[in-house]
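Okay, so here's the structure we're looking at.
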Amino acid sequence: MPSDTHRADERRFLDERGSSAALAPNGLNPATIMEKAVRERIVESYFWKEQCFGVNEADIVDRVVDHVSFVGGTYGVTQKPTPFLCLAFKLLQLAPDDSILEEYLSFGGDKFKYLRALACFYVRLTRRAENVYKTLEPFLEDRRKLRRKGRAGTSLTYVDQFVDDLLTKDRVCATSLWQMPKREILEDLELLEPRISPLGDIEDLLEDDDVDMDGSVNGDARADSDEEGLIEEEGSDRGRRRSSSGSSRRENSRLRDRSRSRDDRDMDRSDGSSGDER
């Protein structure tokens with residue numbers, strides 16, 4: 001059978017590419033990048049047999065636009081592979097070069113946002129670490145919405161969040177990602193330039209946050225001191241009122257005692273005068 005014949009059974013790709021085909025730019029075997037269980041589910045799925053047979057790099061664009069409406073690996077009780085994952089496996093078989101990937105990534109608009117996500121996912125699987133950072137980091141500013149489907153159901157995400165997951169997490173879309181060296185290591189090796197964040201210098205932002213926090217703390221302390229002063233003044237006023245009320249009560253009791261003593265004296269005098277008359 002000629003080598004350029006496309007067989008319906010894609011298991012031939014797994015058998016042949018595992019021994020004789022070229023490796024990916026990062027040195028991995030494209031046929032074994034995904035787990036065996038996931039590969040078996042893909043080649044047995046209805047979408048793979050119907051939509052991924054006999055397609056080339058140009059047909060991938062049409063398949064993504066027509067059939068991909070969410071990102072993800074497997075979903076449902078039966079762990080059915082998503083069209084996104086099936087087309088990613090097809091890209092592993094086609095092995096497009098960098099110029100084709102640049103065309104995939106350059107498409108804009110909501111119509112081609114899943115094509116960009118698919119190209120970013122493929123770059124993360126097959127390219128070297130420095131090329132992955134250079135290619136994916138510009139898309140951390142892409143704010144377009146994406147739907148993600150998994151075992152827990154459908155959720156909302158964004159292109160920049162999906163790209164950040166590709167750069168930071170170990171497993172995305174039911175696929176274990178090969179471990180890349182950290183960006184700081186590549187910068188020390190002079191393979192990458194220091195990245196400038198669109199937000200500015202992180203240290204300056206942290207200093208501004210510290211200043212704002214210090215100002216708020218001082219303001220709260222001043223407010224607390226003012227409140228304490230008011231409480232002290234109120235307490236002193238209450239003490240004065242209590243002392244004044246206490247002194248007035250004492251004076252009243254003294255006046256009462258004096259009046260009582262005068263009445264007793266008058267009574268004694270009246271009793272003495274009556275006894276003399278008798």
Would you name the heavy atoms of A129 and M180 that are closest together and state the gap between them?
CA-SD, 3.9 Å
CG of D97 to CD of E57, rounded to nearest 0.5 Å, is 7.5 Å
Do you know which two heavy atoms are closest between Y122 and A95, and how far apart they sit?
OH-CA, 3.3 Å
Side chain D59, main chain N56, donor-acceptor under 3.5 Å
yes
So, does N26 use its side chain to make a donor-acceptor pair with the main chain of L125 at under 3.5 Å?
yes
Could you grab the distance from atom NZ of K169 to atom CG of L167, nearest 0.5 Å is fine?
12.0 Å
What about Y46 and W48, same hydrophobic cluster or not, with Ile/Leu/Val/Met/Phe/Trp/Tyr joined at side-chain heavy-atom distances under 4.5 Å?
no
Flag, side chain of R148 to backbone of L156, donor-acceptor distance under 3.5 Å:
no
What about L140 and L115, same hydrophobic cluster or not, with Ile/Leu/Val/Met/Phe/Trp/Tyr joined at side-chain heavy-atom distances under 4.5 Å?
yes
Do the side chains of D160 and R143 get nearer than 4.5 Å, heavy atoms only?
yes
From T157 atom OG1 to F162 atom CZ, the distance as rounded to the nearest 0.5 Å
8.5 Å
In this structure, CG of L118 is separated from CG of L105 (nearest 0.5 Å) by 9.5 Å
Rounded distance (nearest 0.5 Å) linking atom NE2 of H67 with atom CD of Q51
3.5 Å
Side-chain ion pair, E187 and R183, N-O less than 4.0 Å
yes
Let me check something: do L101 and F107 share a hydrophobic cluster, defined by ILVMFWY side-chain heavy atoms less than 4.5 Å apart, either directly or through other members?
yes
Under 3.5 Å: donor-acceptor pair, side chain of R39, backbone of M34
yes
Same cluster or not: are W178 and L85 linked, directly or through other Ile, Leu, Val, Met, Phe, Trp or Tyr residues, by side-chain heavy atoms under 4.5 angstrom apart?
yes
So side-chain hydrogen bond (donor to acceptor under 3.5 Å, both in side chains) across residues 100-110, not counting sequence neighbours, yields none
Say whether V71 and F47 are linked into one hydrophobic cluster, either directly or through other cluster members, by side-chain heavy-atom distances under 4.5 angstrom.
yes
Where is the tightest heavy-atom contact between P83 and F70, given as atom of each residue plus distance?
CD-CZ, 4.3 Å
Taking the side chain as C-beta and beyond, is there a heavy-atom pair between I100 and I60 under 4.5 Å?
no
Looking at every heavy atom in both C86 and P81, which two are closest together, and how far apart are they?
SG-CB, 4.1 Å
Hey, are the side chains of N131 and P25 touching, using non-hydrogen atoms and a 4.5 Å cut-off?
no
Within 6.0 Å of CD in Q179, more than 12 heavy atoms from elsewhere
no
Does the pair R128/E130 count as a salt bridge with the N-to-O cut at 4.0 Å?
yes
Keeping K111 on the side-chain end and V65 on the backbone end, is there a donor-acceptor pair under 3.5 Å?
no
Out of the candidates V132, I33, L23, L28, only one should pair with T126 under the side-chain contact (heavy atoms from CB on, under 4.5 Å) rule; please name it.
I33
Between D98 and R127, is the closest basic N to carboxylate O distance under 4.0 Å?
yes
Quick one: does any side-chain atom of K90 pair with a main-chain N or O of C52 as donor and acceptor, under 3.5 Å?
yes
Residue among V163, L146, D142 satisfying side-chain contact (heavy atoms from CB on, under 4.5 Å) with R116
D142
Search all heavy atoms of Y133 against all heavy atoms of P181 and return the closest pair with its distance.
OH-O, 3.2 Å
Taking side chain as C-beta onward, heavy atoms only, is V64 less than 4.5 Å from F112?
no
Nearest 0.5 Å, please: how far is OG in S45 from NZ in K80?
8.0 Å
Contact summary for T154 and K149, nearest pair of heavy atoms:
OG1-CE, 3.4 Å
For the ring-ring contact (aromatic ring centres under 6.0 Å, His included) test, which of Y75, F121, F89, Y114 pairs with F84?
F121
